[in-house]
Number of protein chains: 2
Amino acid sequence: MHGPRWRNNFEERGYRITASRSAILDVLSKKRCHLTAEDVFFEVRKIQKGIGIATVYRTLDLLVQMGLVCKFDFGDGRARYELASGEKGHHHHLICRNCGRIINYDDFLTEETGLVKKIEKELSQKHSFEIDAHQLDFYGLCKDCQKEVK
Amino acid sequence: MHGPRWRNNFEERGYRITASRSAILDVLSKKRCHLTAEDVFFEVRKIQKGIGIATVYRTLDLLVQMGLVCKFDFGDGRARYELASGEKGHHHHLICRNCGRIINYDDFLTEETGLVKKIEKELSQKHSFEIDAHQLDFYGLCKDCQKEVK
DNA sequence: AATAATAATGAGAACCATTATCAAAAGGAG
DNA sequence: CTCCTTTTGATAATGGTTCTCATTATTATT
Ligand SMILES: [Mn+2]
Ligand SMILES: [Mn+2]
Ligand SMILES: [Zn+2]
Ligand SMILES: [Zn+2]
C-alpha cells in the first residue's frame with residue numbers, strides 16, 4: 001500500500017490528490033486497525049490542522065468506493081474503516097460483546113480459505129449472485145471480560 | 001418458537017408478558033425475515049393500535065438480550081431483527097450492494113458447519129476468547145442488479 | 001377488594017453519527 | 001491571469017435510536 005499504486009488509481013478516475021486525501025490515507029496506513037471516522041479525524045488533524053469532519057467522511061466514502069478501504073459495521077452504531085490490503089491482508093474478526101475489542105486474525109486454518117472460496121462459487125451459481133467479498137465475524141467475550149462478567 | 005418456551009423464559013427473569021411484547025414476538029414469528037424496528041412497528045400496530053416506537057425498541061433489545069432475537073447490522077444505517085431459532089434456524093447471508101436485498105441461506109455445504117465449529121474451537125484457544133456466535137455474510141450483486149449496473 | 005409497590009408504556013425531547021448545503025478556496029487547462 | 005471544475009470547511013439537516021418522565025398496567029400484600 002505505498003504511493004504509486006493509489007496515486008495512479010486516483011488519476012485514472014480524475015480525482016485530485018489533495019493534502020487532505022493523502023493525509024487520510026497516511027493515517028490509515030500507519031494505524032492498521034479499525035478506525036472510526038472520528039478516530040481518523042483527530043489523527044489527521046495533527047497533520048492537516050484545518051481539516052473538517054465532512055472531508056473525512058467524503059474521503060473515506062471515496063476510498064471505499066475505489067476499493068482501497070473497507071468499511072465495517074460491528075453493531076455499535078459507528079462505522080469502522082480499515083485499509084484494504086487486497087487478497088493478502090484480508091482477515092476475519094473476533095469481537096467482544098462486552099468491551100467492543102476487535103481482534104483481527106489472518107492466520108486462517110488451511111481449510112478455511114479454500115472452503116470460503118468453494119462456498120462462494122456454490123452460492124454464486126445457486127442464487128445467481130455475483131459475490132465480490134465476504135465478512136466472517138465471531139462474537140463473544142475476550143479474555144479480560146470473561147473474568148469481569150463472572 | 002411457540003408459546004411455552006419464551007413464556008417460561010420471561011417469567012424466570014421476572015419480565016411481564018404484556019400484550020405489546022407478545023404482539024412483537026408474533027410479528028417476528030410470522031414474518032421470518034430481517035425486519036427493521038420500523039417494519040416491526042408498523043406491523044405490530046395492526047394488532048396493538050396504540051403501541052409506541054419506543055416500546056418496540058425496548059422490547060427488541062430485551063429479546064436480543066434474552067437470546068430470543070438476533071440483531072444484525074448490514075451497514076445501511078438501520079438495525080435488522082430476526083427470530084433466533086437456535087442452532088436450527090441459523091443461517092448466513094447474501095447481501096446485494098446495489099438494492100440491499102438480503103438472502104438467507106441455511107443449506108450449508110456439508111463441510112461448512114463442521115469447519116466453522118473447528119475454527120471456533122481453534123480461535124477460542126489461541127485468543128482465550130469465549131465465542132458464542134458468528135456471522136458470515138457475502139456481499140455482491142443480486143441477479144436483478146447485475147443487469148442494471150451493466 | 002382495596003392498597004401499595006413495581007414494571008411497562010407512549011409521547012416527545014434529546015442524542016449522535018452521518019449527510020446535505022452552500023459559499024469560499026484550490027487546482028488545472030489554456 | 002482567466003475560466004471552469006473540484007474540493008473543502010462550517011454549519012444545518014436528517015434519521016435511527018435512546019432517554020425522560022408522567023401515566024397506566026400488572027403484581028404483591030393486606
Ligand atoms: Mn479488521
Ligand atoms: Mn438472516
Ligand atoms: Zn472484552
Ligand atoms: Zn440487488
Side-chain angles (χ1 to χ4, degrees), chain A residues 6-25 27 34-66 69-82 100, chain B residues 6-27 34-66 68-82 100:
Chain A
W6 66 262
R7 280 174 190 280
N8 285 342
N9 219 325
F10 263 69
E11 281 163 4
E12 277 166 22
R13 305 191 189 215
Y15 297 144
R16 293 178 182 165
I17 298 168
T18 66
S20 295
R21 285 173 176 176
S22 75
I24 289 172
L25 262 168
V27 167
H34 315 85
L35 301 173
T36 63
E38 205 190 7
D39 291 338
V40 175
F41 177 54
F42 284 126
E43 208 55 41
V44 170
R45 271 218 296 201
K46 296 178 187 169
I47 316 170
Q48 278 289 310
K49 295 291 158 54
I51 197 173
I53 187 84
T55 300
V56 172
Y57 275 106
R58 277 186 295 236
T59 304
L60 288 173
D61 276 359
L62 195 71
L63 295 172
V64 169
Q65 240 188 288
M66 293 173 68
V69 164
C70 289
K71 182 179 182 180
F72 292 100
D73 212 320
F74 296 123
D76 66 340
R78 38 180 66 209
R80 312 250 165 191
Y81 300 86
E82 185 176 315
Chain B
W6 65 263
R7 281 172 189 281
N8 285 342
N9 219 325
F10 262 71
E11 281 164 3
E12 277 166 22
R13 306 191 188 214
Y15 298 144
R16 292 177 183 167
I17 298 167
T18 66
S20 295
R21 284 172 176 175
S22 74
I24 289 171
L25 262 169
D26 266 7
V27 167
H34 315 86
L35 300 174
T36 64
E38 204 189 10
D39 291 337
V40 175
F41 177 54
F42 284 126
E43 208 55 40
V44 170
R45 270 217 296 202
K46 296 178 186 168
I47 317 170
Q48 278 289 307
K49 295 290 156 56
I51 196 173
I53 187 84
T55 300
V56 172
Y57 275 106
R58 277 187 294 236
T59 304
L60 289 172
D61 277 358
L62 196 71
L63 296 171
V64 169
Q65 240 188 292
M66 293 172 68
L68 294 175
V69 164
C70 288
K71 182 178 181 181
F72 293 100
D73 212 319
F74 296 124
D76 67 339
R78 36 179 64 207
R80 313 251 165 189
Y81 300 86
E82 185 176 315

Could you tell me whether the phosphate oxygens of [N], OP1 or OP2, come under 4.0 Å of any side-chain nitrogen or oxygen in [X]?
| X | N | result |
| --- | --- | --- |
| A:Thr18 | D:dT8 | yes |
| B:Tyr57 | D:dT18 | no |
| B:Arg78 | D:dG16 | yes |

Report task. Would you check if the side chain of B:Asp26 reaches a backbone N or O of B:Ala23 as a donor-acceptor pair within less than 3.5 Å? Result -> no
Query raised in the report: Are B:Tyr81 and B:His34 close enough that some pair of their side-chain heavy atoms sits under 4.5 Å apart?
Result: no
Base, sugar-phosphate, or nothing: which does [X] touch, judged by heavy atoms less than 4.0 Å apart?
| X | value |
| --- | --- |
| A:Thr36 | nothing |
| A:Arg21 | sugar-phosphate |
| B:Ile53 | nothing |

Report task. Compute the bend angle of the helix from C:dA1-D:dT30 to C:dG30-D:dC1 from the end axes (five pairs per end), rounded to 10°. Result -> 30°
Between [atom2] on [N] and [atom1] on [X], what's the gap in Å once rounded to a whole number?
| X | N | atom1 | atom2 | answer |
| --- | --- | --- | --- | --- |
| B:Asp61 | D:dG16 | CG | C1' | 13 Å |
| A:Tyr15 | C:dA26 | OH | C1' | 19 Å |
| A:Tyr81 | C:dA17 | OH | P | 12 Å |
| A:Leu60 | D:dT8 | CG | C1' | 15 Å |
| B:Leu62 | C:dA7 | CG | P | 13 Å |
| B:Gln48 | D:dA25 | CD | P | 12 Å |
| A:Ile51 | C:dA26 | CD1 | C1' | 14 Å |
| A:Glu38 | C:dA17 | CD | P | 6 Å |

Of all the choices, [options], which nucleotide is nearest to the side chain of [X] once you look at every atom?
| X | options | result |
| --- | --- | --- |
| B:Arg16 | C:dT19, C:dG10, C:dA7 | C:dA7 |
| A:Ser20 | C:dT18, C:dT19, D:dG9 | D:dG9 |
| B:Thr55 | D:dG9, C:dT9, C:dA11 | C:dT9 |
| B:Arg58 | D:dT17, C:dG10, D:dT8 | C:dG10 |
| A:Ala54 | D:dT11, D:dT8, C:dT9 | D:dT11 |

Query raised in the report: Given that B:Ile17 and B:Lys71 both sit by DNA chain D, which one's nearest nucleotide is further toward the 5' end?
Result: B:Lys71
Query raised in the report: Where each residue is assigned the nucleotide of DNA chain D containing its nearest heavy atom, which of B:Ala79 and B:Ala19 is assigned the position nearer the 5′ end?
Result: B:Ala79
Query raised in the report: Using 30° and 60° as the class limits, which term best fits the ring planes of B:Trp6 and B:Phe10: parallel, tilted or perpendicular?
Result: perpendicular
Query - Audit row: A:Leu35, A:Glu82, side-chain contact (heavy atoms from CB on, under 4.5 Å) steps and yes/no - result: CA-CA 7 Å; A:Leu35 301 173; A:Glu82 185 176 315; over 6 Å; no
Requested in this report: Could you walk me through whether B:Arg13 and B:Met66 pass side-chain contact (heavy atoms from CB on, under 4.5 Å), step by step?
Outcome: CA-CA 9 Å; B:Arg13 306 191 188 214; B:Met66 293 172 68; 3.9 Å; yes
Report task. Give the minimum heavy-atom separation between A:Asp73 and A:Arg78, together with the two atoms involved. Result -> OD1-O, 4.2 Å
**Report entry** Derivation of the side-chain contact (heavy atoms from CB on, under 4.5 Å) call for B:Leu62 and B:Arg21
**Finding:** CA-CA 10 Å; B:Leu62 196 71; B:Arg21 284 172 176 175; 3.7 Å; yes
Report task. Any chance you could lay out the side-chain contact (heavy atoms from CB on, under 4.5 Å) test for A:Val44 and A:Thr55, step after step, and finish with the verdict? Result -> CA-CA 11 Å; A:Val44 170; A:Thr55 300; over 6 Å; no
